[in-house]
Amino acid sequence: MSDLKRGLGEAVQAAFESLGLPAEFGRVTASDRPDLADFQCNGALAAAKSARRNPREIAAGIVDALAGRPELASVEIAGLGFINLRVSEKTLSARANEIAADPRAGAGLVEDTRRVLIDYGGPNVAKPMHVGHLRASIIGESIKRLYRFRGDDVLGDAHFGDWGFQMGLLIVAAIDDNADIKSVVDFVDKGGDQGMAGEALAKLIDLPMLDRLYPLAAGQAKADEAYRDRARKATAELQAGTRASYRLLWKRFVAASRLALEREFHDLGVDFDLWKGESDVDALIGPMVAELKAKGLAVPDQGALIVRVARPGETKKKKLPDGSVVEVPSPDPLLVVSSEGSAMYGTTDLATILDRRRTFDPHLILYCVDQRQADHFEQVFRAAYLAGYAVEGQLDHIGFGTMNGPDGKPFKTREGGVLKLNDLIEMARAKARERLHEAGLGSELTPEEFEDTAHKVGIAALKFADLSNFRGTSYVFDLDRFTSFEGKTGPYLLYQAIRVKSILRRAREEHVETGRIVIKEPAERDLALLLDAFETALSEAYDKKAPNFIADHAYKLAQAFSRFYAACPILGADNVAVRGSRLALAQASLKQLECALGLLGIETPERM
Ligand code: ARG
């Protein structure tokens, strides 16, 4: 049995066909008026328009064709020719039982599975994270889980930023900052033993040091051209592999950052399958550039090498320093090799496509990256298509808006800018502890259980607040609202899940067993219909690459459960069969709610 919407859709489509009308008019959706119907079909209006006929007449034909179908309790015409469908109790009960028995909680699989690589998170060595990275991690993780759950073969890659200008900056800064580091570098430059040097650097360089050095170096590079040139030169020497000492320093920077980042991401419930770095494609860049040149795609431009990606006629207006305005090609060309000879951000992205093709051969690569990088991806994708490294449609930028502070600008922490994932998680956790105390929750937990619950509530607050908006929309960081146990929040959903868990626990203690679900009461109907709607929510989220559809479903499900529980006593029902049915309905609701939350990357605690 598939979901009811699909099953009914097929029946209604067949009815349209039986009247000699195109099947696609038989699309069925959940009803806008649950008081009147469970599902509706608006196709008679569209069919009437194209066939120049009366919509009510077509609707009447459909109603006749559907009359007597056992899965329908009623089928009626409303208004101008809408068809209202109500499912029979028997069909709804059967579907609810099926969901109750299904480990996938009623969710289907995609028909044609694909290999999908999801590029998300995108942290950098030493360079501090900003809200773009936070959102990329939260959204990307959810999309990864959803695609995998739908049956695709999915790999998530952090695409670690370890090869850009910031590496040259850090090299220069570390050498200037610390005489011991400088002497290790000199030692290697004079041919000293690299193993020994590597060990010495491991002791000299740690993450707090990088955190301290990077902002200083970045600031100085902005103000001081000579310093900037040194950093550029260091970047080029690092990438060329001509200075063993720089490679050693770089290795140490990468190791120190990665260890800390992996831990922080894990705390956020974000785990990457791959931590490939931009540097991993280094060996592919030389041959790739040669090939791009040979194909006539990479061309010299003021000492650099670029790929022009704008098509004829695609231009934008550009203001020159002297105030005059000229038409220039748009999008801008992709910078492949800088005038210093360095590979650029887009170069590594292009080569990474080749690497991914070689190692995983994905049908689809999704780049879950800040919308502010839309132009960059447009350039890279076009260059890849021109070079034949991918076919149109195979690369997709899943952009998103920003999480803003109260000033409407991308959120920054109070201390002045740097978003530390750890600090943010700790902020959410602290607020969650406060909220739990306020609500009188968690008092029966051991200190360890309480901490675990507070952590999960905090993460749920952050993630749900993010994922409940369509990803394209920006939103305001408001921890008070995010952590509230009321309203459309993560903590509210966890609280509802916990309630069901405690009912199930009590049922076990009282030896109440689940039984066959029989749908009778209106609140049971609504709950069963929502359980059925999971599949629609997932396929919508999948097609639009938008987890907010899952978030919406989870919220509606929790609300429907809450109304059901208020209207229909479970353990208090006096009839054994009713008790068993309602308990099974509660259990199925919990299973689906936890499944939906899991797809959002949110874990539920056992108790509160
Ligand atoms: N490291 C980049 C940044 O901080 C994000 C990487 C996104 N992924 C990519 N394939 N470019 O902006």
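No experiment lies behind these values; they were computed from the predicted model shown.
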>> Let me confirm one number: the CD1-CD1 distance from Ile570 to Ile503, rounded to the nearest 0.5 Å.
In response: 4.5 Å

> Judged by atom type as modelled, is there a donor-acceptor pair below 3.5 Å linking the side chain of Ser589 to the main-chain atoms of Leu585?
Replying inline: yes

> Can you tell if the side chain of Phe400 reaches within under 4.5 Å of the side chain of Asp370, non-hydrogen atoms only?
Replying inline: yes

> Could Lys431 and Asp480 be called an ion pair, given the rule that one side-chain N must be under 4.0 Å from one carboxylate O?
Replying inline: yes

>> Surrounding CZ of Arg86 (heavy atoms of other residues, nucleotides or ligands, distance under 6.0 Å), is the total greater than 12?
In response: yes

> Going through the distances and angles, do Lys5 and Asp3 end up as a salt bridge (Lys or Arg N to Asp or Glu O under 4.0 Å)?
Replying inline: CA-CA 6 Å; Lys5 196 187 93 167; Asp3 59 303; 5.9 Å; no

> Taking all atoms of both residues into account, what is the closest heavy-atom pair of Pro410 and Val131, and its distance?
Replying inline: CB-CG2, 4.1 Å

>> So that I can tick it off, tell me whether Asp267 and Arg429 are bridged by a salt bridge, with the cut-off set at under 4.0 angstrom between side-chain N and carboxylate O.
In response: no

>> Quick one, Lys276 with Thr359, criterion side chain to side chain contact (heavy atoms under 4.5 Å, CB included). Give me CA distance, side-chain angles, the key distance, then yes/no.
In response: CA-CA 12 Å; Lys276 286 215 162 181; Thr359 53; 4.2 Å; yes

> So do Asp153 and Phe360 actually touch side chain to side chain, heavy atoms under 4.5 Å?
Replying inline: yes

> Would Phe482 and Phe477 count as a ring pair (Phe, Tyr, Trp, His ring centres under 6.0 Å) if you check the C-alpha gap in whole Å, the side-chain angles of each, and the deciding distance to 0.1 Å?
Replying inline: CA-CA 8 Å; Phe482 298 174; Phe477 180 75; 5.7 Å; yes

>> Using modelled atom types and a 3.5 Å cut-off, is there a donor and acceptor pairing between side-chain atoms of Ser137 and backbone atoms of His133?
In response: yes

> Mind checking whether Tyr147 and Lys545 have side chains closer than 4.5 Å, heavy atoms only?
Replying inline: yes

>> Return the CG to CZ distance between Leu424 and Phe411, rounded to the nearest 0.5 Å.
In response: 6.0 Å

> Taking NZ, NE, NH1 and NH2 as the nitrogens, is one of them in Glu141 or Arg145 under 4.0 Å from a carboxylate oxygen of the other?
Replying inline: yes

>> Determine whether a donor-acceptor pair (N or O, by modelled atom type, separation under 3.5 Å) exists between the side chain of Glu426 and the backbone of Asn422.
In response: no

> Does any N or O in the side chain of Gln40 come within less than 3.5 Å of the main-chain N or O of Asp32, such that one atom is a donor and the other an acceptor?
Replying inline: yes

> So, for Phe450 and His437, is the gap between ring centers shorter than 6.0 Å?
Replying inline: yes

> Given the side-chain rings of Tyr492 and Phe464, with only the six-membered ring counted for Trp, is the space between their centroids under 6.0 Å?
Replying inline: no

> Does atom CD of Glu89 have more than 12 heavy-atom neighbours, drawn from other residues, nucleotides or ligands, at distances under 6.0 Å?
Replying inline: yes

> Are any side-chain N or O atoms of Asp273 and backbone N or O atoms of Gly156, one a donor and one an acceptor, separated by less than 3.5 Å?
Replying inline: yes

> Would the Phe272 and Phe160 ring centres measure less than 6.0 Å apart?
Replying inline: no

> Is the shortest side-chain N to carboxylate O distance from Glu524 to Arg582 below 4.0 Å?
Replying inline: yes

> In terms of heavy-atom contacts, does CG of Asp112 have more than 12 from other residues, nucleotides or ligands at under 6.0 Å?
Replying inline: no

> Would you call Arg150 and Asp152 a salt bridge, using N to O less than 4.0 angstrom?
Replying inline: no

> So, Lys144 side chain and Asp271 main chain: donor-acceptor pair closer than 3.5 Å or not?
Replying inline: yes

>> Tell me the closest heavy-atom pair linking Ala107 and Phe534, and the distance in Å.
In response: CB-CE2, 3.9 Å

> Looking at side-chain heavy atoms only, is the closest gap between Phe39 and Val12 below 4.5 Å?
Replying inline: no

> Are any non-hydrogen side-chain atoms of Asn469 and Asn548 less than 4.5 angstrom apart?
Replying inline: no

> Pro70 versus Lys90: any side-chain heavy-atom pair under 4.5 Å?
Replying inline: no

> Which atom pair, heavy atoms only, marks the closest approach of Gly140 to Ile118?
Replying inline: O-CG2, 4.3 Å

>> Is it the case that the side chain of Asp452 and the backbone of Glu448 share a donor-acceptor pair, with hydrogens and angles ignored and the cut-off at 3.5 Å?
In response: no

> Is the number of heavy atoms from other residues, nucleotides or ligands under 6.0 Å of Tyr495 OH greater than 12?
Replying inline: no

>> Could you walk me through whether Glu521 and Arg563 satisfy the salt bridge (Lys or Arg N to Asp or Glu O under 4.0 Å) test, starting with their C-alpha distance in whole Å, then the side-chain angles of each, then the deciding distance to 0.1 Å, before giving a yes or no?
In response: CA-CA 11 Å; Glu521 299 298 323; Arg563 281 192 299 265; over 6 Å; no

> Hey, are Lys463 and Asp466 close enough for a salt bridge, meaning a charged N less than 4.0 Å from a carboxylate O?
Replying inline: no

>> We want to know whether Gln373 and His397 form a side-chain donor-acceptor pair, criterion being a heavy-atom distance below 3.5 angstrom.
In response: no

> In Å and rounded to the nearest 0.5 Å, what is the CD1 to CD distance from Ile459 to Glu603?
Replying inline: 9.5 Å

> Measuring from Ile550:CD1 to Ser468:OG, what's the distance to the nearest 0.5 Å?
Replying inline: 12.5 Å

> Donor-acceptor pair, Tyr555 side chain versus Leu493 backbone, under 3.5 Å?
Replying inline: no

> Can you tell me if Ser474 uses its side chain to pair, donor with acceptor, with the backbone of Thr402 under 3.5 Å?
Replying inline: yes

>> If the threshold is 4.0 Å, N to carboxylate O, is there a salt bridge linking Glu451 and Arg433?
In response: yes

> Testing Arg95, Arg6, Arg525 for salt bridge (Lys or Arg N to Asp or Glu O under 4.0 Å) with Asp532, which one passes?
Replying inline: Arg95

>> Heavy-atom count check: over 12 atoms from other residues, nucleotides or ligands less than 6.0 Å from Arg516 CZ?
In response: no

>> Rounded to the nearest 0.5 Å, what separates atom CZ in Arg33 from atom CG in Asn84?
In response: 9.0 Å

>> Treating Thr453 as the side-chain partner and Pro605 as the backbone partner, does any N or O pair qualify as donor plus acceptor under 3.5 Å?
In response: no

> What are the two closest non-hydrogen atoms of Leu531 and Ala588, and how far apart are they?
Replying inline: CD2-O, 4.1 Å

>> If you define the side chain from C-beta out and look only at heavy atoms, does anything of Leu593 sit under 4.5 Å from Phe561?
In response: no

> Under 4.0 Å between a Lys/Arg side-chain N and an Asp/Glu carboxylate O for Arg104 and Asp102?
Replying inline: no

>> To the closest 0.5 Å, what do you measure between CD1 (Ile365) and CD1 (Ile398)?
In response: 12.0 Å

> For the residue pair Leu583 and Glu513, what are the closest heavy atoms and their distance?
Replying inline: CD2-C, 3.9 Å

> Looking only at heavy atoms, what is the nearest atom pair of Leu274 and Asp157, with distance?
Replying inline: O-OD1, 3.2 Å

> Considering only heavy atoms from C-beta outward, does the side chain of Leu462 approach that of Leu479 to under 4.5 Å?
Replying inline: yes

> In terms of heavy-atom contacts, does CD of Glu510 have more than 12 from other residues, nucleotides or ligands at under 6.0 Å?
Replying inline: yes

